[in-house]
Engineer: 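My structure is below; once you've seen it, I'll send some questions.
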Amino acid sequence: MDRPIESLQTCLVINLVLSAPLQGQPYPSDVRIVLLGKTGAGKSSAGNTILGSEVFREDTSPESVTAQCTKHAVERDGRIISVIDTPGIFDTSMTKEELKAEVEKCVSMDGTGPCVFLLVISLAARFSDEDRKAVMWVLENFGEYVSLHTIVLFTHADQLKGKTVQDYIRDGIELRRVINRCGWRYHVLNNEGRANSSLELLEKIDLLVERNGEHLYSKELYQQAQKNLREMEERKRREEEEKSGILGLIKRIRENPRQFLEDRVGSALTGVGLGTAAAGIGGLVLTGTAG
């Protein structure tokens, strides 16, 4: 169940507090990042900005240019920063099964598991129903705990056309629900001044990892999420079958109630054992003779 959505002013304060450094705690030695989002959100471009080099292929095509999970890493200030780019959610060139099989690889590509998931959302257009469904796909497939390890990453801020990011967030209740589920952690990745924007993002990632402690997202959490998803789908299937059966029964009664009753009586008689039926007939005969 979603938490109540706080006022925008309160949420901005929360975001600032979450960005404040913790005292006396060292940053992790390595950073493992997974990019998630729908096709066209700007995942590959974001990966290049974070790593400071053009290693992921970028394109404005409506189809995802990332067909497989791809990993690149750099060494910076004595630690390894790795980024895994994933296929776009709802990529039209892949089946649902192919997409799921490929995206799940990101959990085990980096040994102990990702430090953070960056949920990439483009500011170039309004937050649509497809965006909402993409977020729900992530939450359903990775489980409720994924939100504890997620930061919403906004791209294409130059397309806001005079609006601020706060205006964009204020105008979309569904978007506020998404950010709310992620603890009001978000970052705007600016393609201009990439170095500073990337550094600020890495600082937010470090702070999130510190707050989570040793509780990283793991393969076991993903497997549990998949088990829960299968059980949920099985419940839905049974409910649909039960609903379909009841509706079919009602339809038969309405269309031909007499035939329905005759069928039910016939079924009941068929279910009676032959011996019982013979005994019943014999009883009727004897009764008739005695009379």
Side-chain angles (χ1 to χ4, degrees), residues 1-8 10-12 14-15 18 34-46 60-64 66 85-100 102-104 106 114 116-157 159-161 163-189 208 217 221-222 225-226 228-230 232-233 235-236 240:
M1 183 175 181
D2 291 348
R3 293 178 297 172
I5 300 178
E6 300 90 343
S7 69
L8 184 61
T10 302
C11 296
L12 293 176
I14 292 173
N15 192 46
L18 292 175
V34 171
L35 300 168
L36 295 171
K38 73 172 191 177
T39 300
K43 298 189 304 300
S44 300
S45 177
T60 56
S61 169
E63 291 189 356
S64 178
T66 305
D85 193 10
T86 61
I89 298 171
F90 304 141
D91 177 14
T92 55
S93 66
M94 305 176 73
T95 66
K96 291 181 180 180
E97 292 73 20
E98 289 172 341
L99 174 64
K100 189 171 184 176
E102 188 59 38
V103 170
E104 72 178 32
C106 71
V116 64
F117 293 91
L118 296 182
L119 185 57
V120 184
I121 297 175
S122 173
L123 295 171
R126 67 179 180 83
F127 188 77
S128 64
D129 187 57
E130 186 179 68
D131 290 304
R132 182 189 64 81
K133 289 178 179 177
V135 173
M136 292 307 300
W137 188 93
V138 170
L139 294 174
E140 287 177 357
N141 280 276
F142 286 88
E144 58 180 330
Y145 289 108
V146 73
S147 61
L148 301 176
H149 305 272
T150 300
I151 296 175
V152 174
L153 182 65
F154 290 117
T155 59
H156 303 122
Q159 300 294 314
L160 282 176
K161 300 178 181 179
K163 293 176 65 175
T164 65
V165 174
Q166 288 72 31
D167 291 334
Y168 185 87
I169 295 173
R170 185 186 296 112
D171 292 342
I173 186 170
E174 290 299 332
L175 177 59
R176 295 202 302 274
R177 291 184 191 278
V178 171
I179 302 175
N180 185 56
R181 292 194 66 163
C182 297
W184 280 95
R185 293 181 297 272
Y186 67 87
H187 182 77
V188 181
L189 198 60
L208 175 61
Y217 190 88
L221 284 175
Y222 180 79
Q226 288 299 301
N228 294 341
L229 182 59
R230 288 192 297 271
M232 181 183 70
E233 291 174 345
R235 283 197 300 272
K236 286 183 178 179
E240 287 297 323

Engineer: Return yes if some donor-acceptor pair links the side-chain N/O of Asp167 with the main-chain N/O of Thr164 below 3.5 Å, else return no.
Structural biologist: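 The answer is yes, because a donor-acceptor pair under 3.5 Å joins these two groups.
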Engineer: Would you please test Leu229 and Lys100 for side-chain contact (heavy atoms from CB on, under 4.5 Å) and show each step?
Structural biologist: CA-CA 13 Å; Leu229 182 59; Lys100 189 171 184 176; 3.5 Å; yes
Engineer: At what distance, to the nearest 0.5 angstrom, does CG of Leu160 lie from CG of Leu123?
Structural biologist: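 So the gap between those two atoms works out to 5.0 Å.
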Engineer: Between Thr95 and Glu98, does the side-chain contact (heavy atoms from CB on, under 4.5 Å) criterion hold? Intermediate values first, please.
Structural biologist: CA-CA 5 Å; Thr95 66; Glu98 289 172 341; 3.1 Å; yes
Engineer: Is the NZ atom of Lys133 crowded by more than 12 outside heavy atoms at less than 6.0 Å?
Structural biologist: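 No, not enclosed.
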Engineer: Rounded at 0.5 Å granularity, tell me how far CG in Leu35 sits from OG1 in Thr86.
Structural biologist: 6.5 Å
Engineer: Give me the atom names and distance for the closest heavy-atom approach of Gly42 to Val120.
Structural biologist: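 Shortest heavy-atom separation between Gly42 and Val120 comes out as C-CG1, 4.1 Å.
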Engineer: Say you draw a straight line from CZ of Phe127 to CD of Glu174; how long is it, rounded to the nearest 0.5 Å?
Structural biologist: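 One finds 7.0 Å between CZ of Phe127 and CD of Glu174.
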Engineer: Would you give the length of the straight line joining atom OH of Tyr168 to atom CD of Gln159, rounded to the nearest 0.5 angstrom?
Structural biologist: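 Between Tyr168 OH and Gln159 CD, I get 11.5 Å after rounding to 0.5 Å.
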Engineer: Check whether any side-chain heavy atom of Leu139 sits under 4.5 Å from a side-chain heavy atom of Arg181, and report yes or no.
Structural biologist: yes
Engineer: Shortest non-hydrogen contact from Tyr186 to Gln166?
Structural biologist: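 Between these two residues, the closest heavy atoms are OH-NE2, 3.8 Å.
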Engineer: Can you list the residues that meet the side-chain hydrogen bond (donor to acceptor under 3.5 Å, both in side chains) rule with Ser147, with sequence neighbours excluded?
Structural biologist: none
Engineer: Give the C-alpha distance, both sets of side-chain angles, the deciding distance and a yes or no for side-chain contact (heavy atoms from CB on, under 4.5 Å) between Leu189 and Phe154.
Structural biologist: CA-CA 6 Å; Leu189 198 60; Phe154 290 117; over 6 Å; no
Engineer: Check whether any side-chain N or O of Arg185 sits under 3.5 Å from a backbone N or O of Cys182 as a donor-acceptor pair, and report yes or no.
Structural biologist: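 Yes: the side chain of Arg185 pairs with the backbone of Cys182.
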Engineer: Please give me the minimum heavy-atom distance between Gly40 and Ser122, naming the atom from each residue.
Structural biologist: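 Looking at all heavy atoms of both residues, the closest pair is O-CB, 4.4 Å.
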Engineer: Distance-only, no hydrogens or angles: does the Arg176 side chain make a donor-acceptor pair with backbone N or O of Arg170 under 3.5 Å?
Structural biologist: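 Yes.
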Engineer: Within a strict 4.5 Å, meaning less than it, do heavy atoms of the Val152 and Ile121 side chains meet?
Structural biologist: yes
Engineer: Please check this pair: side chain of Glu140 against backbone of Trp137, looking for a donor-acceptor N/O pair closer than 3.5 Å.
Structural biologist: no
Engineer: Closest approach of Val103 and Pro87, non-hydrogen atoms and distance?
Structural biologist: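 Minimum heavy-atom separation between Val103 and Pro87: CG2-CD, 4.1 Å.
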Engineer: Report yes or no: does Thr155 contribute a side-chain atom to a donor-acceptor pair with the main-chain N or O of Ala41 at less than 3.5 Å?
Structural biologist: yes
Engineer: Check Leu208 against Leu148 and note the closest heavy-atom contact, atom names and distance.
Structural biologist: CD1-O, 3.6 Å
Engineer: Roughly how far, to the nearest 0.5 Å, is the CG atom of Leu119 from the NZ atom of Lys43?
Structural biologist: 10.5 Å
Engineer: Residues two or more places apart in sequence or in another chain: which of them pass ring pair (Phe, Tyr, Trp, His ring centres under 6.0 Å) with Tyr222?
Structural biologist: Phe142
Engineer: Kindly compute the distance separating CG (Asn141) from NZ (Lys96), expressed to the nearest 0.5 Å.
Structural biologist: 11.0 Å
Engineer: Can you sort out the partners of Ser128 under side-chain contact (heavy atoms from CB on, under 4.5 Å), two or more places apart, ordered by chain and number?
Structural biologist: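 Ser128: side-chain contact (heavy atoms from CB on, under 4.5 Å) contacts with Lys38, Arg126, Glu130, Asp131.
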Engineer: Hey, mind stepping through Thr150 and Val116 against side-chain contact (heavy atoms from CB on, under 4.5 Å) and telling me if it holds?
Structural biologist: CA-CA 6 Å; Thr150 300; Val116 64; over 6 Å; no
Engineer: For Phe90 and Leu99, work out which heavy atoms get closest and say how close.
Structural biologist: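 Smallest interatomic distance, heavy atoms only, reads N-CD2, 3.7 Å.
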